[in-house]
There are 2 protein chains.
Amino acid sequence: MKKKRKISIKDISKELGISTTTISFIINNKAKNRISKEVIEKVEDYIEKVGYKPNTTAQTLRTGKSKTIVFMAEDISDPFFSAIAKEMEEIAFENGYKIIYCSTENKKERALELLDLFKDRQVDAFIITPPEGFKDEMEKLIRENKQAVMVFDRYYDDFEHNYVVLDNLASSTRATRYLLDNGFQNVGFVGLKSDISPTLERLQGYQQVMAENGQKDRSVLIPFDEVKTLTGRKKIYDFIKRNPQIDSLLFATNSLAISGLKTLKEMSLKIPEDVSVLTFDDRDLFELYSPPISVISQPVSQLANELIKGTLNLLESDFKESSKFRKVLKGQLIERISSSRVSENNSI
Amino acid sequence: MKKKRKISIKDISKELGISTTTISFIINNKAKNRISKEVIEKVEDYIEKVGYKPNTTAQTLRTGKSKTIVFMAEDISDPFFSAIAKEMEEIAFENGYKIIYCSTENKKERALELLDLFKDRQVDAFIITPPEGFKDEMEKLIRENKQAVMVFDRYYDDFEHNYVVLDNLASSTRATRYLLDNGFQNVGFVGLKSDISPTLERLQGYQQVMAENGQKDRSVLIPFDEVKTLTGRKKIYDFIKRNPQIDSLLFATNSLAISGLKTLKEMSLKIPEDVSVLTFDDRDLFELYSPPISVISQPVSQLANELIKGTLNLLESDFKESSKFRKVLKGQLIERISSSRVSENNSI
DNA sequence: TCGTTTTACTAAATCGATTTAGTAAAACGA
DNA sequence: TCGTTTTACTAAATCGATTTAGTAAAACGA
C-alpha cells in the first residue's frame, strides 16, 4: 500500500506542459475569451481522467474564502435548532459550503469564547442566535464587517443587521386571543426571564391582549438555566398555587411547556378541564401527549431556507448589501385538545 | 473604519528582528533547549501584547492537519444523534478541534457523496454511522488510512476497525427476558429491515430468548424510509391485527416506538393492559407519555465521551495504533408503567 | 506598411505558516 | 591548544493554489 500523494496543479502543469496560471483559469471558469478551446478541452479532459480536485486549504489561504459557515445555536440538541440545522446543512453542502455548529447555552461567556475561536479561523459567515446580553458584541462583530453575519430567532432595534425571526408579537397576540375566544378568561403566561426579543414580544403580545380585554396580567418568568430543573418546576408550581383563578396557560417555549406539563401532572390538574394549555414550538411530544397539546408552530423549513439562502446571497454579493436582509415569518396555530373549549359546568 | 490586516508571523519577525523560524519554534513549544529564555520571553510578550493568533489555514496547508473532525450521523435532527453531537462538540472545542456534522439519512449514495466531499478537504478524522450496505466503502476508507476513522453505533465482523457501540445483543436479551418475567408471554418485536449490526443484534437477542422459552418469534421489520410514514404505521397495524395473541411489544428504535404508540392509540389498545410496551432509546416523550414508556436507555454521555476521546487519542498518536479501539457499552433498562405487570384477570 | 490592439498564453509573487539545512560563536575536553 | 560538540539562532524551501504583471505572435487598420 503506497501512500500516493494527491495530484496538484503543478503536476498537471508539468504533465501537459501548460502553465499553472492557465490551468487555474480553466478550473475557475475564467478561461472564456482568454484561452483557446483546444487547451481548455485538453486540461478538462486530463482533470476528469485523473480526478483532480483543487486543494481547498490552499485556495482558502490564497483567496481568504473558506466556504465555511458557523451556526451558533442556543442549543444544538434542542429539537427546534437541530431541525433547522439539518435543513440548512443540506442546502449549504449543495452550494459547496460546510457548516460548523456550536451551542451557546444562552451564555454570554460561551458565545464570546466561540466567537473568538472562529473569528481567527477564516470563517466566511456567522449565523448566530445571540444569548442574553450579547448586543454590544453583535454590534461590534457586524461593524467589523469581516464575515457575513445573519442573526436568527431574535433581533435588535438599535442597529442594522440581517435577521430571520418569527413574528413573535403577532403570534403571541393571536394565541392569547384564541384562548380568550375559547372561553378561558384567566390566561396565565409562563415565559423566560430574558431580554432577547422573542421573549419580550411573546410576553408583550400576551399582556396587550389581556389589557385590551380588561384581564389581569398573570405571568411568571423563569431564568433560562432553571427551565429544565426542579427549581424551575417549583416556580411554575408556586405560580399556579398563587393564582388559583388561572384556567389556561400559555407557555413561551417548548422547554417551558414540558416542565409545565410535568408540573400539571404532579398537581393532578386535568387538561383542558382544569387548565387549558397552549405553547410555542411544536414537537412530536405535544402531538402524542394525552391530551394532545395545542401549539404555535414555527415554520422550520421556511426559517432554515431563508437563513441559509440569505446567508449564501450575502456571500455571493461579497456582502456589500449587508444589514438589509430581514425576514419575519408567521407562526401557525395548531389546535389540539389541550386548548379546546370546555363546557361551562366543568370547573375545579 | 480601516480594514486592518491581521498580523502575521512575518510582521512579528520584522518588528522584533527575530527570524520566523525562531518565532515558530516558540509558538509551537519547540523552543525548549534551543532558544534562550530572553528571546522566548520577548516573543511571548509581544504575541500577548498584539494578540497574535497563527493563521490556521496556513498551518493546515503546511502540516496537513486541519484540526477538523467530520461526524456523519444517520440523522443529526434525531434526538439521540443530536445529544451525542452536542457532547462531542464541547470536548472537541476544548481540544482545539472543530466538528462538521452531516446526515446520511441512512442512504448509501448520500454517505458516498459526503465522503467524497470531505476526503479531499483535508479532514483529520471521520466519526461515522455507516448506512446500510456501506461496508465495502468503510473498509476502503479505513484501508486508505489517510484519516482516523471511528465507527459509531454499529460495527463489522469482517475487518478491524475502531468503534463505539451499545451492547445490543445483551440489551435485547435482557429486555425480552424482563418482559417474559413480567408475565407477558407473547412478546412481539418491531424492528428495522436493515443489515446493520444493532438491528440484527436486537432482533437476534429477542429471538434467542423467545426460543429458549419455547415461545414463537413474532416480529415485523420496517424499512428505514417508512418508519415515520403512514405505510410504516400500516405495517405495524397489520402486524398486530395478524397476531392478536401479542400482549407485549418490544420496539427496536425510538422512531419505531413513536409510530407504534400512534398506531396503538388509533387502535384504542390500552398500555399496558392490552399490550405492554418497551423500546430502545430514551426520549423525554417516553417519560411524559401516558402511561410513561419503559426504555432501554443508551448511555449518551458515555458514548459521546468514548467517541470523541477515542478519536482524539487516535489523532494524538498519529493513528498508528489504529483499528484497535473498541468500546461496547451497556444499556440501562428503565422501568416505567408501560411494561408493568398486569393482574391476570385483565385481557382483551 | 507599420504602429496598435487583441489573443493566448506564462513567470514569478503571493497567501502565512512550518521545516530543512544550515552557521557563527561559545563551551568543552584531552 | 585546537579539534569537536553544543548552543542559539537564521535563510530559504515548502505546502498548493491564485493573481499580478507581463510577453510573443497574430490580427487589425488607415
Side-chain angles (χ1 to χ4, degrees), chain A residues 3-44 47 50-67 96 119-124 146 318, chain B residues 3-44 47 50-67 96 119-124 146 318:
Chain A
K3 267 222 172 165
K4 64 175 169 201
R5 203 176 52 83
K6 269 192 63 185
I7 196 170
S8 78
I9 202 169
K10 227 171 174 175
D11 299 327
I12 302 179
S13 168
K14 265 184 209 148
E15 186 63 30
L16 299 183
I18 292 171
S19 80
T20 60
T21 310
T22 303
I23 298 168
S24 175
F25 280 153
I26 295 171
I27 291 167
N28 294 289
N29 293 317
K30 293 179 181 169
K32 279 276 150 61
N33 309 330
R34 295 222 243 179
I35 310 295
S36 67
K37 273 195 247 70
E38 299 80 52
V39 172
I40 293 180
E41 208 164 297
K42 193 170 157 192
V43 170
E44 283 179 343
I47 284 175
V50 298
Y52 165 75
K53 300 258 179 66
N55 180 310
T56 47
T57 305
Q59 288 178 318
T60 300
L61 180 59
R62 186 64 243 242
T63 64
K65 320 258 174 207
S66 63
K67 297 261 172 184
K119 273 210 282 191
D120 40 59
R121 281 218 186 178
Q122 17 288 131
V123 157
D124 294 344
K146 285 193 189 148
D318 270 324
Chain B
K3 264 218 174 169
K4 63 175 169 199
R5 204 175 51 81
K6 270 191 61 184
I7 195 169
S8 79
I9 201 168
K10 226 170 173 175
D11 299 327
I12 302 179
S13 168
K14 264 183 211 148
E15 185 64 31
L16 299 183
I18 292 170
S19 79
T20 61
T21 311
T22 301
I23 298 168
S24 175
F25 281 154
I26 294 171
I27 291 167
N28 294 288
N29 293 317
K30 292 179 181 169
K32 279 276 148 62
N33 309 328
R34 294 222 244 178
I35 309 295
S36 67
K37 272 194 247 77
E38 299 80 51
V39 172
I40 293 180
E41 207 164 301
K42 194 170 157 191
V43 171
E44 283 179 341
I47 284 174
V50 298
Y52 165 75
K53 300 257 178 69
N55 180 310
T56 47
T57 306
Q59 288 178 316
T60 300
L61 180 61
R62 185 64 242 243
T63 62
K65 320 261 175 203
S66 63
K67 297 261 171 183
K119 273 211 281 190
D120 40 60
R121 280 217 187 180
Q122 17 288 126
V123 157
D124 294 345
K146 285 191 188 150
D318 271 322

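Since we're looking at a predicted model, the values are computed, not measured. To find a chain, count down the sequence lines: A is the first, B the second, and so on, and within it residues start at 1.
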Check each of A:Thr22, A:Ile23, A:Val43, A:Ile18 against A:Ser13 using the side chain to side chain contact (heavy atoms under 4.5 Å, CB included) test, and report the only one that passes. A:Ile23
Rounded to the nearest angstrom, tell me the gap between atom [atom1] in [X] and atom [atom2] in [N].
| X | N | atom1 | atom2 | result |
| --- | --- | --- | --- | --- |
| A:Lys10 | D:dA17 | NZ | P | 10 Å |
| A:Leu16 | C:dC9 | CG | C1' | 15 Å |
| B:Leu61 | C:dT14 | CG | C1' | 12 Å |
| B:Lys32 | D:dT7 | NZ | C1' | 16 Å |
| B:Ile12 | C:dA17 | CD1 | C1' | 11 Å |
| A:Asn55 | D:dC15 | CG | P | 11 Å |
| A:Lys6 | D:dC15 | NZ | C1' | 13 Å |
| B:Ile40 | D:dC9 | CD1 | C1' | 12 Å |

Between the protein and nucleotides 18-25 of chain C, list every N/O to N/O distance that falls short of 3.5 Å.
residue : atom : partner : partner atom : Å
C:dT18  : OP1  : B:Asn28 : OD1          : 3.2
C:dT18  : OP1  : B:Asn28 : ND2          : 2.8
C:dT18  : OP1  : B:Gln59 : NE2          : 3.2
C:dT18  : OP2  : B:Ser24 : OG           : 2.6
C:dT18  : OP2  : B:Asn28 : ND2          : 3.4
C:dT18  : O2   : B:Arg62 : NH1          : 2.6
C:dT19  : OP2  : B:Lys30 : NZ           : 2.7
C:dT19  : O4   : B:Thr21 : OG1          : 3.0

With both distances under 3.5 Å as the test, what is the Watson-Crick or G-U wobble partner of D:dG22? C:dC9
Counting Watson-Crick and G-U wobble pairs only, both distances under 3.5 Å, name the nucleotide matched with D:dG3, or none. C:dC28
Which nucleotide, D:dT10, C:dT10, C:dG16, lies nearest any side-chain atom of B:Ser19? D:dT10
Sidechain-backbone polar pair: B:Thr60 side chain, B:Thr56 backbone, donor-acceptor under 3.5 Å: yes
